Amino acid sequence: MGACLALCSLASCASCLCGSAPCLLCGCCPSSNNSTITRLVFSFFLLLGTFVSVIMILPGMETQLRKIPGFCKGGTSIPIPGVENQVDCNVIVGYKSVYRMCFAMTCFFFLFCVIMIRVRSSKDPRAAFQNGFWFFKFLILVGITVGAFFIPDGTFHDVWFYFGMVGSFIFILIQLILLIDFAYSWNKAWVENAERGNKCWFAGLLSFTGLHYALAIAAVVLFYIYYTKADDCTEHKVFISINLILCITVSIVSILPKIQEVQPYSGLLQASLISLYTMYVTWSAMTNNPNRNCNPSLLSLVSNVSTTESSGGSSPGQVQWWDAQGIVGLIIFLFCTLYASIRSSSNTQVNKLMQTEEGGGSGEEGVVGEDGIRRAVDNEEEGVTYSYSFFHFHLCLASLYIMMTLTNWYKPETSSQVMQSSMPAVWVKMSSSWLGLGLYLWTLVAPLIFPDRDFS
């Protein structure tokens with residue numbers, strides 16, 4: 001193995017010298033599932049950075065982070081007249097660290113996004129770099145991360161906050177596209193199983209569809225109870241009502257006879273899952289409303305002040321690090337990241353949107369040599385099975401989304417050491433939910449509008 005690693009380090013990739021197992025240091029041994037391995041390893045880099053970011057905002061880490069030059073200058077607590085959300089100086093240092101960690105990941109994946117533009121097959125020399133040299137890639141990521149922590153404060157947080165909002169807006173749409181793809185694949189697989197004679201699959205589809213709609217309806221009821229007031233919170237009333245109407249609309253459209261003719265696997269399962277996700281985005285948006293009368297959990301991440309006079313849930317100086325919508329956001333993020341790494345979709349529309357075309361490679365599993373050992377073969381000589389550049393762009397946006405999620409979309413004010421919520425974050429999330437529903441509606445009606453095109 002040591003000799004193998006040495007040869008791989010020298011990029012001696014003319015033949016697979018590692019037997020049937022690919023050399024993971026440089027990935028020089030081609031394999032029929034090399035594209036999946038590559039996506040999983042890059043996703044592991046993203047998840048590793050996410051894990052480090054989570055550690056940075058845990059209680060007890062502020063002591064170590066304050067040792068970094070320029071971090072958290074001043075006293076331990078900074079009261080600001082007229083600002084209710086006062087934050088301990090030790091708290092904001094964790095959020096500043098998250099900004100820098102996610103900045104490093106964003107730069108890392110954007111670098112590969114640019115490098116891998118227009119890679120068409122594994123014959124391109126850049127494909128070897130995409131599928132190998134993992135140790136050196138890790139060193140690059142570490143180097144960018146170290147450098148990011150020496151960026152002076154200045155306007156960095158303000159500028160990067162807006163980058164984070166734009167990137168998160170796009171990533172929320174990508175999450176919805178992946179959920180649409182997952183729902184289509186799920187529905188198709190279970191319907192095909194049911195058509196083979198086992199009606200239990202139909203019962204399963206009905207059960208999950210009912211569960212999704214029940215949760216969505218329960219969410220709407222809770223939103224009206226806790227996030228609206230009789231004489232206030234007009235924005236929330238409008239947000240909830242519009243998304244409720246839109247979810248009902250797409251649900252009805254999904255089962256129209258004309259839609260069923262051209263989309264036989266379209267149904268309420270997809271619509272129910274999209275409706276539930278839309279309600280989550282609506283909830284997430286409302287938790288960023290700076291109007292405390294309409295947001296009972298506004299200070300849930302970084303405030304040491306309870307949201308109501310009588311709650312008494314937080315003692316002075318105590319910090320609540322997580323809230324429910326942030327945890328749900330991380331769970332959805334983890335699912336979508338993993339699914340994007342292993343997905344093999346038959347949905348042409350989603351493949352076009354995600355710049356993937358599974359099955360584009362040769363599909364060979366391998367050949368057996370004279371010594372009886374199965375040798376891996378390259379399955380991307382004729383064409384790559386996914387867009388290398390777009391995959392890195394997706395991870396780049398995911399890094400920005402993680403930054404905003406872990407900081408609860410709060411805007412750090414370095415001069416006053418406070419974390420402030422803002423209405424732009426609310427509108428970004430709501431706009432993404434509306435555009436996402438529009439994308440799902442397009443997947444339903446596109447075959448009717450353009451019957452001559454292949455939307456299978």
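All values reported here derive from a predicted model rather than from experimental measurement.
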All heavy atoms of Val253 vs all of Ile259, minimum pair found to be O-CG1, 3.2 Å

Query - Residue Phe163 excluded, over 12 heavy atoms near CZ under 6.0 Å - result: no

| task | Check whether the side chains of Gln270 and Tyr440 place a donor and an acceptor atom closer than 3.5 Å, and report yes or no. | result | no

- Message: For Leu276, is there any backbone N or O sitting under 3.5 Å from a side-chain donor or acceptor partner on His212?
- Response: no

Under a plain distance cut-off of 3.5 Å, with no hydrogens placed, do Lys237 and Thr228 share a side-chain donor-acceptor pair? no

Is the distance between the ring centroids of Phe108 and Phe112 under 6.0 Å? yes

Donor-acceptor pair, side chain of Thr287 and main chain of Ser284, under 3.5 angstrom: yes

### pair Ser254-Val250: side-chain heavy atoms closer than 4.5 Å
no

Just by distance, with hydrogens left out, do Tyr224 and Ser241 show a side-chain donor and acceptor under 3.5 Å apart? yes

- Message: Would you call the rings of Phe208 and Trp186 parallel, tilted or perpendicular, taking 30° and 60° as the class edges?
- Response: perpendicular

Rounded to the nearest 0.5 angstrom, the CD1-OG1 distance for Ile332 and Thr405 is 9.5 Å

On a heavy-atom basis, the closest approach of Leu400 and Gly167 is CD1-CA, 3.7 Å

Candidate pair Asn243 and Thr282, rule side chain to side chain donor-acceptor pair (under 3.5 Å), full reasoning:
CA-CA 8 Å; Asn243 278 358; Thr282 306; 2.6 Å; yes

* May I ask you to check whether Phe202 and Trp190 place their ring centres under 6.0 Å from each other? => no

- Task: Using a 4.5 Å cut-off on heavy atoms from C-beta on, say whether the side chain of Ser168 contacts that of Leu397.
- Result: no

**Study point:** Greater than 12 external heavy atoms within 6.0 Å of Tyr226's OH
**Key:** no

Item to complete: Using modelled atom types only, decide if a donor and an acceptor are shared between the side chain of Arg126 and the backbone of Ile117 within a distance under 3.5 Å.
Response: yes

Checklist entry - What is the ring orientation for Trp283 with Tyr280, classed by angle as parallel under 30°, tilted 30 to 60°, or perpendicular over 60°? => result perpendicular

d(Met286 CE, Lys429 NZ) to nearest 0.5 Å is 11.0 Å

Report task. State yes or no: are the ring centers of Phe110 and His392 separated by less than 6.0 Å? Result -> no

Rounding to 0.5 Å, atoms OG1 (Thr443) and CD1 (Ile180) come to a distance of 5.0 Å

| Side-chain donor-acceptor contact under 3.5 Å, Asn131 with Thr38 | yes

Would Lys137 count as a cation-pi partner of Phe129, with NZ or CZ less than 6.0 Å from the six-membered ring centre and within 45° of the ring normal?
yes

Heavy-atom neighbours of Phe45 CZ exceed 12 at 6.0 Å | yes

query: Quick one: are the ring centres of Trp134 and Phe44 less than 6.0 Å apart?
result: no

Taking every heavy atom of Asn289 against every heavy atom of Cys294, the minimum-distance pair comes out as ND2-CB, 4.3 Å

Q.
Would you say the ring centers of Phe223 and Phe239 fall short of 6.0 Å from each other?
A. no

Between Ser251 and Tyr213, does any side-chain donor sit less than 3.5 Å from a side-chain acceptor?
yes

Cys113 meets the disulfide (SG to SG under 2.5 Å) criterion, sequence neighbours left out, with none

For Met101 and Val52, the nearest pair of non-hydrogen atoms, with its separation, is SD-CG1, 4.0 Å

- Query: Donor-acceptor pair, Asn187 side chain versus Ala183 backbone, under 3.5 Å?
  - Reply: no

**OP:** Determine whether Glu192 and Trp201 make a side-chain contact, defined as any pair of heavy atoms from C-beta on separated by less than 4.5 Å.
**Re:** no

